[in-house]
Amino acid sequence: MESQTPKKVLIYHRSLDATASGGEFLPLTLISELQRRHCEVTLALDWPSDVADCAKRFGVEIDVDAIHVIYIKPKNRFIRDIDVALPFYRSRLMKRRARHFDVCISTFNIFDFGRSAHHFILTLGINDNEFKDYYTHHRARGRLMRMYRKCRSLLVNYVVRPLLGVRSPRAILKDPRERVYPTSLYVNRTMREFFGPFNGIPFYPPTTYHPGPVDDAAHDPLKVVYIGLLSPHKHLSDIISIVERARGMSGVDIKLDIAGRVERNRYCRHMKAVCAKKGWIRFVGPKYGKEKEEFLCSGAYAVHATRVEAFGIAITEYLKSGLVPLVPDEGGACEIVDSKELTYSTIDEAAGILVRLVTDKAFREGRQRHCHERALEFTSEKYAERQSALLDTILNK
């Protein structure tokens, strides 16, 4: 009996960065299982990436030598600048290649392969300005400005994109041959509210971080931690304000440790200057591997402040490290924590929850038990089951 011909799979992702916050898990884990299923994988990236180093950092076993890697970002600067918003160059290149593959997968949002494909929504930024205004609750001031933004979107989606031969995200979503996998129930609901029905189901991304056994004594009962990107959209100033108000309300010496790569930009310089004036805050720099594990397990609580988070891999890492995270009452983060007692609307409300955690033993222990149960939903085993079931559907379609 002849052996079955291996499936040829084309995966698109922007780049693989070993220092990034977690979006690289998805393409790496997909590649790993596809290789176990003896598929031939081609990885298309915008930017040159050290795939082997990234896989090693994230602890994902893949055969790098068996992957064919191609780079599709235009070299010409003018074309590259246009292609950022309207990926006509990359799409045209991928369309020529996609016809030679059995399966096409984008692990970085919606991408036009020119044929039916599978699209994993990694972030809410899917190259549609109207949708961005919708999920960020942005309303342009003035009737003329609103008309301008509306006309601009219509021009881009119904004139410019068709002329360039690239479908808009809306057009791809409306195509019943396409399959779309929103990264959370929140993203699924938000996209359907704006675009209408489409063919796809929510799919939680992989969360491969798993600390070893942790002694409860390792957790400082008065320490809050944050790990992730040091950028304005993470709202570090809100996190600092929450902890500062909780200190004032409780009279307790609550501390805050912040881990992340400190870039040489104005925002990072400003935040470092603000924190330097407060003796209870520490910047500890980037943390990876064992150092990351020790950092997370050194605290008792975490505070998250991004409201339109598509999922929030960092939240699952907090849960797995035995931390009790406080999260906004919208976005994917509150879906992960799944506890009204740990979600907040305002800075004052968040500070009140933190005070109660620090001062009310029964409340704290109850939330710790809940967070432990939630952490079990995001184990590697749970994810492997979901991914295996989905790949069965994708490869056997």
Side-chain angles (χ1 to χ4, degrees), residues 9-14 26 30 44 72 82-99 101-140 146-205 308 310-311 331-332 390-391 393-397:
V9 181
L10 174 62
I11 296 178
Y12 165 73
H13 199 78
R14 288 191 65 180
L26 179 57
L30 283 174
I72 61 173
I82 298 175
D83 196 62
V84 169
L86 302 167
F88 70 95
Y89 178 93
R90 287 172 290 162
S91 181
R92 184 172 299 176
L93 181 63
M94 293 288 274
K95 285 176 183 178
R96 291 201 300 265
R97 293 179 176 274
R99 67 186 69 165
F101 289 85
D102 300 302
V103 178
C104 295
I105 298 172
S106 170
T107 52
F108 197 93
N109 299 335
I110 297 171
F111 192 88
D112 188 8
F113 290 91
R115 51 161 289 181
S116 61
H118 300 265
H119 311 266
F120 290 85
I121 305 302
L122 181 64
T123 69
L124 281 166
I126 57 174
N127 282 331
D128 188 295
N129 288 323
E130 280 194 282
F131 180 57
K132 181 178 180 180
D133 288 348
Y134 179 77
Y135 74 77
T136 58
H137 313 299
H138 173 80
R139 182 174 173 81
R146 289 195 293 272
M147 288 179 62
Y148 163 74
R149 293 173 72 88
K150 180 71 173 179
C151 289
R152 183 183 65 180
S153 293
L154 290 173
L155 179 65
V156 167
N157 289 329
Y158 295 99
V159 179
V160 178
R161 287 182 186 273
L163 283 174
L164 294 173
V166 180
R167 290 180 295 168
S168 67
R170 182 182 292 274
I172 293 174
L173 286 166
K174 291 295 184 182
D175 189 335
R177 298 171 301 172
E178 308 283 356
R179 298 293 186 274
V180 182
Y181 308 107
T183 196
S184 63
L185 297 174
Y186 159 72
V187 174
N188 183 62
R189 181 176 65 251
T190 304
M191 289 180 64
R192 290 178 186 275
E193 287 172 353
F194 184 82
F195 292 109
F198 55 83
N199 197 347
I201 57 172
F203 181 78
Y204 284 148
V308 289
F311 179 69
L390 184 60
L391 281 179
T393 302
I394 291 174
L395 295 176
N396 295 325
K397 179 185 172 185

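Counting from 1, the numbers follow the sequence of the chain as shown.
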Using a 4.5 Å cut-off on heavy atoms from C-beta on, say whether the side chain of [Y] contacts that of [X].
X	Y	value
R167	D175	yes
N127	F111	no
V166	L86	no
L173	F194	no
Y134	T190	yes

Nearest-0.5 Å distance, [atom1] of residue [X] to [atom2] of residue [Y]:
X	Y	atom1	atom2	answer
D112	R92	CG	CZ	11.5 Å
S106	M94	OG	CE	8.0 Å
R179	I172	CZ	CD1	14.0 Å
I72	R97	CD1	CZ	9.0 Å

What are the two closest heavy atoms between [X] and [Y], and how far apart are they?
X	Y	value
N109	H119	O-CB, 3.9 Å
H13	T107	ND1-OG1, 2.8 Å
I121	I110	CD1-CG1, 3.8 Å
Y135	V308	O-CG1, 3.3 Å
P205	T183	CD-OG1, 3.1 Å
A310	V187	O-CG2, 3.4 Å

Any sub-3.5 Å donor-acceptor pair from [X]'s side-chain atoms to [Y]'s backbone N or O?
X	Y	result
N188	I201	no
D83	Y89	yes
E178	A117	yes
R115	K95	no
N129	S153	no

For this session: Check the pair R170 / D128 against salt bridge (charged side-chain N to carboxylate O under 4.0 Å, His left out), numbers first and verdict last.
Result: CA-CA 8 Å; R170 182 182 292 274; D128 188 295; 5.2 Å; no
Problem set entry | Ring geometry between F131 and F195 (parallel below 30°, tilted from 30 to 60°, perpendicular above 60°) |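 It falls in the tilted class, 30° to 60°.
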For this session: Return the orientation label for the F120 and F203 ring planes: parallel under 30°, perpendicular over 60°, tilted otherwise.
Result: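 Perpendicular, since the angle between the ring planes exceeds 60°.
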For this session: Could you walk me through whether F311 and Y204 pass the ring pair (Phe, Tyr, Trp, His ring centres under 6.0 Å) test, one step at a time?
Result: CA-CA 8 Å; F311 179 69; Y204 284 148; 5.3 Å; yes
Problem set entry | Audit row: F113, Y12, side chain to side chain contact (heavy atoms under 4.5 Å, CB included) steps and yes/no | CA-CA 10 Å; F113 290 91; Y12 165 73; 3.9 Å; yes
Exercise. Does NZ or CZ of R161 lie under 6.0 Å from the centre of the six-membered ring of F88, at an angle within 45° of the ring axis?
Worked result: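 Checked: cation-pi criterion not met.
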